[in-house]
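A short write-up of the structure that comes next.
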2 protein chains.
Amino acid sequence: MARTENEDREGRILDAAAQLIAHFGYDKTTVSDIAREAGISKGAVYLHFESKEALFEALLIREMMTYALNWLALLEKDEAGGTLGGMYKSMLYALSDNPFMAALFRQDRHILGNYVRKPDNFFKRFQEGQSSSTRFEFVHRMQAAGALRDDLDPQVITHIMNMLAYGLVSMDGVIPAEETPELDDLIEGIAVMMDRALMSPDPTKADIGKQIVREIVDEAYQRYEQLEKSEQEQTEQ
Amino acid sequence: MARTENEDREGRILDAAAQLIAHFGYDKTTVSDIAREAGISKGAVYLHFESKEALFEALLIREMMTYALNWLALLEKDEAGGTLGGMYKSMLYALSDNPFMAALFRQDRHILGNYVRKPDNFFKRFQEGQSSSTRFEFVHRMQAAGALRDDLDPQVITHIMNMLAYGLVSMDGVIPAEETPELDDLIEGIAVMMDRALMSPDPTKADIGKQIVREIVDEAYQRYEQLEKSEQEQTEQ
DNA sequence: TTTTGACCAATTTTGTTTTTCTGGTCAAAT
DNA sequence: ATTTGACCAGAAAAACAAAATTGGTCAAAA
């Protein structure tokens with residue numbers, strides 16, 4: 001089950017699925033399509049995944065991991081990554097870079113297709129706040145640590161961040177292209193705005209954010225491992 | 001054509017249409033439904049409006065006027081309405097208070113229905129930036145007047161404002177209700193944030209925004225009268 | 001003069017049948 | 001021991017016809 005070759009191939013299948021589903025959506029992408037794109041037969045796909053649904057779920061989990069790691073990497077690279085704006089900036093970059101996290105967040109019917117209706121799926125779990133509460137957690141801890149001004153309700157701040165993230169991935173076609181700024185300029189602008197409006201004036205607290213993000217990503221990772229373990233047990237039954 | 005009684009009835013027809021279309025959408029609301037709700041016959045509706053499409057267009061224009069006047073009224077009432085945050089706050093209240101402006105902005109297919117596909121319609125004109133460029137114009141003039149810090153690209157600021165407005169009217173169901181703050185708290189928070197991040201430190205400029213909004217709404221009103229005139233000429237031909 | 005609502009052509013919806021497609025399996029090939 | 005792809009049952013889509021609804025009109029009623 002854990003052969004190197006197989007794991008490589010599992011990755012290739014997910015790559016193929018990612019490319020096709022991002023373009024044609026879950027419904028219009030068939031398992032045969034995925035197999036062809038991955039250069040193997042349909043039967044081989046089912047050696048790695050129980051069902052189309054399970055395949056897609058694995059893809060979403062992989063993309064979520066990629067997203068989180070990408071976020072963290074951008075953050076560590078950023079000198080000023082310890083501020084709220086820095087942390088949020090990295091998140092927005094990571095989010096806009098990942099079609100599936102973006103699709104989940106905007107509840108994209110075209111990409112997620114019938115998957116959203118399946119009982120007890122990843123999408124529903126995602127929606128229950130698993131993800132947005134991460135942002136609340138972050139704001140809350142930042143305030144508790146004195147890095148954020150505490151004269152604004154953390155729930156309000158979190159929701160503003162959600163609104164901006166939602167706008168970033170959902171406004172295609174709403175504003176004419178010539179009025180839409182470059183992604184980079186936009187995200188940098190958002191970060192500057194957040195910092196100016198929300199950071200504590202105390203400069204000694206300017207770096208505390210990084211540690212908090214590390215903690216949160218770490219906790220999320222542990223939750224993920226827990227989940228994977230319990231799913232394995234479920235399968236083995 | 002300009003009898004008081006008739007104009008009253010025209011308003012009642014639009015009221016009926018507003019109520020029904022806001023709930024069932026353009027496609028599922030029939031002219032008979034509107035007539036019944038307005039307490040008159042179907043034929044009478046056609047004494048006031050050329051077609052269902054024209055009726056809806058008239059409704060949208062009325063709603064846009066209501067929205068603009070509401071915005072202005074909120075603004076004048078607000079002591080601190082001259083700041084960017086104050087102006088934006090009023091706009092967000094007016095927007096979230098008006099189902100049709102909100103529907104236009106979020107491109108709501110359920111409410112707008114087949115109307116969006118009609119050639120040369122209000123929705124398309126609306127989309128071409130007629131509306132969002134108002135916000136750009138405002139930011140631009142605020143900066144020119146020295147009321148706004150000029151170290152942020154006005155296009156970026158405008159787009160952030162568009163994102164927040166979009167999020168406000170489009171995120172129903174995206175974030176669980178228990179994580180969503182009250183509308184008032186949210187809008188006030190946004191206003192505070194915008195002011196802190198973007199207003200010039202110069203306190204003498206803190207009231208200049210009101211005048212600029214007045215100018216812009218005035219110009220928009222003149223554009224509207226122009227439009228109405230040219231449409232009348234078109235009809236008379 | 002003003003208003004109505006029966007009426008009509010045209011569209012939309014609904015119901016039904018036929019055809020195609022797709023997720024998943026497994027005996028045979030590698 | 002792996003991998004394949006023909007195969008199948010069930011789902012989805014397409015095609016078609018029948019029924020219902022709707023935007024719009026206008027002779028008749030008010």
Side-chain angles (χ1 to χ4, degrees), chain A residues 1-14 16-17 20-21 23-60 109-119 121-122 235, chain B residues 1-14 16-17 20-21 23-60 109-119 121-122 235:
Chain A
M1 202 225 183
R3 289 264 184 89
T4 323
E5 188 192 353
N6 272 10
E7 294 208 350
D8 261 333
R9 200 167 65 166
E10 209 161 294
R12 282 203 306 274
I13 295 172
L14 293 183
L20 291 170
I21 295 175
H23 195 59
F24 300 106
Y26 178 79
D27 291 342
K28 297 291 171 200
T29 301
T30 72
V31 178
S32 300
D33 289 340
I34 295 170
R36 193 182 327 115
E37 181 74 22
I40 58 176
S41 74
K42 182 160 67 152
V45 171
Y46 283 93
L47 295 173
H48 293 273
F49 303 98
E50 205 176 38
S51 64
K52 187 187 179 186
E53 191 181 334
L55 189 160
F56 190 48
E57 209 132 310
L59 174 62
L60 290 180
R109 298 286 167 161
H110 172 62
I111 290 185
L112 302 177
N114 251 318
Y115 178 74
V116 298
R117 265 166 260 163
K118 311 250 159 146
N121 62 33
F122 188 83
T235 310
Chain B
M1 199 222 186
R3 288 260 187 91
T4 324
E5 188 194 351
N6 273 8
E7 293 207 351
D8 262 332
R9 200 168 66 168
E10 210 162 290
R12 282 205 308 273
I13 294 172
L14 293 183
L20 291 169
I21 295 176
H23 195 61
F24 300 106
Y26 179 78
D27 291 344
K28 298 290 172 202
T29 300
T30 72
V31 178
S32 299
D33 289 340
I34 295 170
R36 193 182 326 115
E37 180 75 22
I40 56 174
S41 73
K42 181 159 68 149
V45 171
Y46 283 93
L47 295 174
H48 293 274
F49 303 99
E50 205 175 35
S51 64
K52 187 188 181 187
E53 190 182 335
L55 189 161
F56 189 49
E57 208 133 309
L59 174 61
L60 291 180
R109 298 288 168 160
H110 170 63
I111 290 184
L112 302 177
N114 252 318
Y115 179 74
V116 298
R117 265 167 258 164
K118 311 250 160 151
N121 61 33
F122 189 82
T235 310

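Letters A, B, ... are given to chains in the order of the sequence lines, protein chains preceding strands, and every chain is numbered from 1. Every value quoted in this text rests on a predicted model; they were computed, and no experiment measured them.
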Heteroatom pairs (N/O) under 3.5 angstrom, protein to nucleotides 28-30 of chain D:
none

Interface polar pairs with nucleotides 19-24 of chain D, N/O, under 3.5 angstrom:
residue: D/dG23; atom: OP1; partner: B/Lys52; partner atom: NZ; Å: 2.9
residue: D/dG23; atom: OP2; partner: B/Val31; partner atom: N; Å: 2.9
residue: D/dG23; atom: N7; partner: B/Lys42; partner atom: NZ; Å: 3.2
residue: D/dG24; atom: OP2; partner: B/Tyr46; partner atom: OH; Å: 3.1
residue: D/dG24; atom: OP2; partner: B/Lys52; partner atom: N; Å: 2.6
residue: D/dG24; atom: N7; partner: B/Lys42; partner atom: NZ; Å: 3.0
residue: D/dG24; atom: O6; partner: B/Lys42; partner atom: NZ; Å: 2.2

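Atoms CD1 and NE2, on B/Ile111 and B/His23 in that order, are 10.5 Å from each other to the nearest 0.5 Å. Summarising the geometry, atom CD1 belonging to A/Ile13 is positioned 3.5 Å from atom CD1 belonging to A/Ile40; distances are rounded to the nearest 0.5 Å. Taking CG of B/Leu14 as the reference point, atom CG of B/Leu59 lies at 5.5 Å (rounded to 0.5 Å).
A straight line from CG of A/Leu20 to P of C/dG23 spans 12 Å, rounded to a whole angstrom. The distance between atom NE2 of A/His48 and atom P of D/dA1, rounded to the nearest whole Å, is 17 Å. What separates CZ of B/Phe49 from P of D/dT25 is a distance of 15 Å, to the nearest Å. Going from atom CD1 of A/Ile34 over to atom P of C/dG23 covers 8 Å, rounded to whole Å. Rounded to whole angstrom, the span from the CG atom of A/Leu47 across to the P atom of D/dT4 amounts to 9 Å.
Between A/Phe122 and A/Phe56, the closest side-chain pair of non-hydrogen atoms is not below 4.5 Å. Side-chain contact check for A/Arg36 versus A/Asp33: some heavy-atom pair is nearer than 4.5 Å. With a 4.5 Å cut-off on side-chain heavy atoms, B/Phe49 and B/Glu10 count as touching. Counting heavy atoms from C-beta on, the side chains of B/Val116 and B/Tyr26 never come closer than 4.5 Å. Put simply, the side chain of A/Ile21 does not reach to within 4.5 Å of the side chain of A/Leu112, judged on heavy atoms.
Residue B/Arg9 places no side-chain N or O under 4.0 Å from the OP1 or OP2 atom of C/dT2.
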